[in-house]
2 protein chains.
Amino acid sequence: MTDPNNTNSPLRPLRLAEQAPLTLSLVEQIAARLSERIVTGAYAPGQRIMEQAVADEFQVSRGPVREALRLLEKDGLVTILARRGALVTKLSIDEVREIFDIRAMLNGLRDRAIAEDPDRARHLPLLEKSVADLTRLARDAAQGDAYVEAVASLNRLLGQMLSNRRLKSILDSLALQTLRYSQLGLSTPARRRQSVQHWQKLLKAIREGDGVAAEQIARQRVNDSRDAAIARLREAEKKQETQQESLRRRAA
Amino acid sequence: MTDPNNTNSPLRPLRLAEQAPLTLSLVEQIAARLSERIVTGAYAPGQRIMEQAVADEFQVSRGPVREALRLLEKDGLVTILARRGALVTKLSIDEVREIFDIRAMLNGLRDRAIAEDPDRARHLPLLEKSVADLTRLARDAAQGDAYVEAVASLNRLLGQMLSNRRLKSILDSLALQTLRYSQLGLSTPARRRQSVQHWQKLLKAIREGDGVAAEQIARQRVNDSRDAAIARLREAEKKQETQQESLRRRAA
DNA sequence: GTCAAGAAGATTGTTGACAATCTGACAATA
DNA sequence: TATTGTCAGATTGTCAACAATCTTCTTGAC
């Protein structure tokens, strides 16, 4: 499989803890590499990840790999079964819906908190610029990927404006888990135009300090993403079924 | 009580994985024991937990202890600092408020989902009985602890009625983190009478399938708990300050 | 008396080896 | 043919030792 392994090389060069708090520990480096492979699909859902294989690849012992897998489990990216090891988490459509439902509530809480923050004016210019970027990208049908990236950037910005660290941490984790699916919801120009309207309304609510409106808009936005993502997943599932059927027919 | 395993002794006897999925792995046993000590206050907030000491006590090596501490970190019970080890998490009043804010939203989602579940009638009898118990206990000022336990039991029941497993898992984790503080909110008979009214209204909303009302009630209930807990924490903080002051005066 | 530098001890991070368990294949039996 | 038993290989669980790092105490200079 051409397994490119991306930039595959030992992790050793980056030694940890040279006093700067920005260096990642060995465990975190391993977790980051594995995380990327899962989110990008290089590791397929359901695939087994074996400790020794990862340890050999990165030229470390199994200990840190083991801990890294536990970190990924915390973020829901892998599922660890006793005596069976780690599997890349495979979400059913119902589970995707459940995660989006939680995100809708918590994004509502986040955006309300931001809109009601007396100190929010400090971040408003950046926010205005970010939404303007989004508006520009939404007009160009060719800029699908750039739009997705801009939405992610906007969400990071909102995360920075949020004082509730625990909420931010939960939201980050849930977003990571559905990253593979969220983008499905922004795959058509029509959806992106709808999306940008939501963001414009949210910006207005924040500017005016209208927390109730901000919460309402956030919930609606996530629910729309959810419905779009689920519709796409249903299509993909149907397609896969017919493929399997044709395979079976060929085998018979 | 009655429990069991509360005694302090080596964990060895219970070997793991005798095919039954109910046996706890060594790591989970250690995590459960440590978790209990933190929640009950046997380990004080801010206290350091050292791997070797725990390993010696339970007569295992540091490996499983290390993993158990990571599990507790996932639940927010300990905070792990690089090269410094694990500390029992110490929550500021603001952090307690933040957690309660998240719980309010997610309990709202939970109770709405339950009220809108077409299959909810199956659990209604148990729920009715549980609220009736609560009503009875609320009348008796001497039954404070029993009331707290009954509320916990009712919450467990609602958790079982919930199909969204991820929501349940997040709620369980948040509840565990604030367990030391939630009880503060039910410490007076007046508060318990207010609490039982909320539960009665929630029961009615679930019976009638009124999801919006259920959500509204849940949020209000958690917000009330939050305010009561915070008021108590403020008192405790003030008391501690005066104590420290008198200590300082004595030293001088 | 206060502060800085350095040494000693304590603690976490990492490793490789061994033990326990699981998986899958093959053979024996009904 | 289908079911059960056994075995070998693979994989995770656990351990003890070593390395890297942090903390604390001592020492010395100002």
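None of these values were measured; they are calculated from a predicted model. Throughout, protein chains are lettered first and strands after them, A, B, ... in sequence-line order, and every chain is numbered starting at 1.
- DNA chain C lies under 4.0 Å from at least one heavy atom of each of the following residues of residues 65-73 of chain B: B:Arg66, B:Arg70.
- Crowding of B:Asp94 atom CG: a count of heavy atoms from other residues, nucleotides or ligands under 6.0 Å exceeding 12.
- Taking only side-chain atoms of B:Arg48, from C-beta outward, the nucleotide of C:dT11, C:dG13, D:dT14 with the closest atom is C:dT11.
- Comparing atom distances between the B:Arg83 side chain and each of D:dA17, D:dT14, D:dA20 picks out D:dA20 as nearest.
- Nucleotide D:dA10 holds its P atom 20 Å from the CD1 atom of A:Ile49, rounded to whole Å.
- In this entry the distance linking CE of B:Met50 with C1' of C:dA10 reads 9 Å, nearest Å.
- Atom CG of B:Asp56 is surrounded by more than 12 heavy atoms from other residues, nucleotides or ligands within 6.0 Å.
- Computed from coordinates, the B:Arg62 CZ to C:dT11 P distance equals 11 Å when rounded to whole Å.
- Under the 3.5 Å distance criterion, with hydrogens and angles disregarded, no donor-acceptor pair is assigned to the side chains of A:Arg103 and A:Asn223.
- A:Asp56 has its CG atom 17 Å from the P atom of C:dT14, to the nearest Å.
- In this structure, CG of B:Leu26 is placed 11 Å from P of D:dG13, rounded to the nearest angstrom.
- A salt bridge between A:Arg70 and B:Glu67 is present, with a side-chain N of the basic residue lying under 4.0 Å from a carboxylate O of the acidic one.
- Using modelled atom types and a 3.5 Å distance limit, the side chains of A:Asn155 and A:Arg110 yield a donor-acceptor pair.
- Per the geometry, CD1 belonging to A:Ile30 stands 12 Å off C1' belonging to C:dT15, to the nearest Å.
- Nucleotides of DNA chain C nearest to A:Ser61 and B:Gly85 differ in position, and the one nearer the 5' end is that of B:Gly85.
- Proximity of A:Arg84 to the phosphate of C:dT23: a side-chain N or O atom is located under 4.0 Å from OP1 or OP2.
- In the set D:dT14, C:dG13, D:dT12, the nucleotide with an atom closest to the side chain of A:Glu51 is D:dT12.
- The nearest whole Å value for the distance from the CD atom in A:Gln52 to the P atom in D:dG9 is 18 Å.
- One interatomic measurement links the two molecules: CG of A:Leu87 to P of C:dC22, which rounds to 15 Å at whole-angstrom precision.
- A salt bridge is absent between A:Glu98 and B:Arg166; no separation between the charged side-chain nitrogens and carboxylate oxygens falls under 4.0 Å.
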*Hey, mind stepping through A:Val54 and A:Ile49 against side-chain contact (heavy atoms from CB on, under 4.5 Å) and telling me if it holds?*
CA-CA 8 Å; A:Val54 176; A:Ile49 301 180; 3.6 Å; yes

